[in-house]
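Working notes, structure below.
Here is the naming used below: chain letters follow the sequence lines, and residue numbers restart at 1 for every chain.
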Protein chains: 2
Amino acid sequence: MVREATTEQRILEAARKVFTRKGMAGARMQEVADEAGINKALLHYYFRNKEQLFVGVFKGSAEKQFSCIWDSLKQCDSLFPAIETFVSGYMDRMIEEPHLPLFIANEMNRDPDGLADFIDRGKESRARFLRLVEEAHTRGEIVDIDPRELLVNIMALCVHPFIARPMLKHIHGFTDEAFRRMIFKRKKTVPEFIIRSIRS
Amino acid sequence: MVREATTEQRILEAARKVFTRKGMAGARMQEVADEAGINKALLHYYFRNKEQLFVGVFKGSAEKQFSCIWDSLKQCDSLFPAIETFVSGYMDRMIEEPHLPLFIANEMNRDPDGLADFIDRGKESRARFLRLVEEAHTRGEIVDIDPRELLVNIMALCVHPFIARPMLKHIHGFTDEAFRRMIFKRKKTVPEFIIRSIRS
DNA sequence: TGCAATATTAACCATTTGGTTAAACCGGAT
DNA sequence: ATCCGGTTTAACCAAATGGTTAATATTGCA
């Protein structure tokens, strides 16, 4: 029952694999073509050039990443469950595509202005989360903390293991499976760590 | 009174600038030569090829980074001051070279096995820190937490702003100066955030 | 001074790589 | 069957890029 993908989809999927692993600078058009099982010229038939293909990949990946993360918050209307949901959803997403955070960070660093538009997805949910923090503080549930700073801290605790994965694997001698287990453990311990810190 | 640097040092310094900004894949030998103000062939005179030059840069940068961070801990013999010292030292170091964390993460991701040796610097200090955590827990000063997980959390909170810098700058509309101010603020708030969470 | 070793350069080379072109393929409408 | 548009490919091209070479400049020293 698998609808066979269109050529354009096959290309985008192959490009996603190659670009997220090697980055824009390290990726080779020939490698994308091989991965997709097509002739290199077809890449230029569907996407004018490497830049266009890259943008197609980055846009899709970044928007999916951020919408996934933020949309999970829509049901939450109190802070602590929101934090739990956010962390859990974020980590689930990154387990699916462990290379994505580093890829996005990297390319944003290379071309901040050109790519800025693609990371705006989920702005409303983000604003809503910041409001949840303020309200929780008003109700005296949490200590006084800059909501944006709290958000940075939460994202830091979620993302960092995936950014530092090769180093963690080397220092701790993690296998892929052990790394996965650590992430699963963190789905519980990270929200606990955060909430212990801010609960008043 | 500035001792004029040797050509090899000039090359390494130029290469450091280019490599840390563009990465191994994105860096161009010609650009390094231009940055150093010398002929491209000289690069191959002092360093056999791009890979060797890259290794020279990475080794120096990574070892300086990690030794800086860990050596700052040597005087501390209780946990909370150690955390304050660690965070403060880490951030000072990264303000000097904001691109380094992403560079290291990126290249470790590209060639984990080949570069693993260069990130081992400071192993003893690291072990000592883990012991400090255990002792603090034994004395009942902190809650029960996996010391390695605590360390990951601390590093996450230090490093993440530099990894996500372009995104933070875009979302929060930070200028370079505003970003610096945020980091300086975090030198105080991050240790507070951590200690609030683990103090029992 | 002059010579030998080292340092530096301009010119060049081979390969890689993004991109183009013209021809072939293929499915559907006439 | 045949024509036609969109699709796919093999072959090709020019620029970029890492690397080499042979000649020149510089330095230290006998």
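Within the structure, every side-chain polar atom (N or O) of B:R28 is placed at least 4.0 Å from both OP1 and OP2 of D:dA16. A close approach under 4.0 Å does not occur between any side-chain nitrogen or oxygen of A:Y45 and OP1 or OP2 of D:dG6. Between B:T7 and C:dA7, a side-chain N or O to OP1/OP2 separation shorter than 4.0 Å is absent.
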Could you walk me through whether B:R186 and A:N153 pass the side-chain hydrogen bond (donor to acceptor under 3.5 Å, both in side chains) check? CA-CA 10 Å; B:R186 283 179 73 84; A:N153 289 356; 2.8 Å; yes
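Residue contacts for A:A33: at a heavy-atom cut-off of 4.0 Å it reaches no nucleic acid atom on any strand shown. Among the heavy atoms of the strands, none lies under 4.0 Å from A:F47.
Across the protein-nucleic acid pair, A:Q30 atom CD and C:dT15 atom C1' stand 14 Å apart, rounded to whole Å. Here the C1' atom of nucleotide D:dT17 and the NZ atom of B:K40 are 7 Å apart, to the nearest Å. Here the P atom of nucleotide C:dA10 and the CG atom of B:L43 are 13 Å apart, to the nearest Å. Distance, A:Y46 OH to C:dG19 C1': 18 Å, rounded to whole Å. The distance from atom NE2 of A:H44 to atom C1' of D:dA10 is 15 Å, rounded to the nearest whole Å. Between the CD atom of A:E31 and the P atom of C:dT16 there is a distance of 14 Å, rounded to whole Å. Atom CZ of B:R10 is separated from atom P of C:dA7 by 14 Å (rounded to the nearest Å).
Between A:R10 and A:E13 there is no salt bridge, since no side-chain N of the basic residue sits under 4.0 Å from a carboxylate O of the acidic one. Remark: B:D92 engages B:K187 in a salt bridge, criterion side-chain N to carboxylate O under 4.0 Å. Salt bridge status for B:E135 with B:R131: absent, with no side-chain N to carboxylate O gap under 4.0 Å. A salt bridge between A:K22 and A:E31 is present, with a side-chain N of the basic residue lying under 4.0 Å from a carboxylate O of the acidic one. Here B:D146 pairs with A:K185 in a salt bridge; the nearest charged N to carboxylate O distance falls below 4.0 Å.
When each of B:N39 and A:A41 is assigned the nucleotide of DNA chain D bearing its nearest heavy atom, the one mapping closer to the 5' terminus is A:A41.
For B:K169, the NZ atom sits in a packed shell: over 12 heavy atoms of surrounding residues, nucleotides or ligands are nearer than 6.0 Å.
Nearest to the side-chain atoms of B:M29 among the listed nucleotides D:dG19, C:dT9, C:dG19 stands D:dG19. With C:dA7, C:dG18, D:dT8 as the candidates, the nucleotide lying closest to the side chain of A:L42 is D:dT8.
Contacts between residues 48-58 of chain B and DNA chain D, counted as heavy-atom distances below 4.0 Å, involve B:N49, B:K50.
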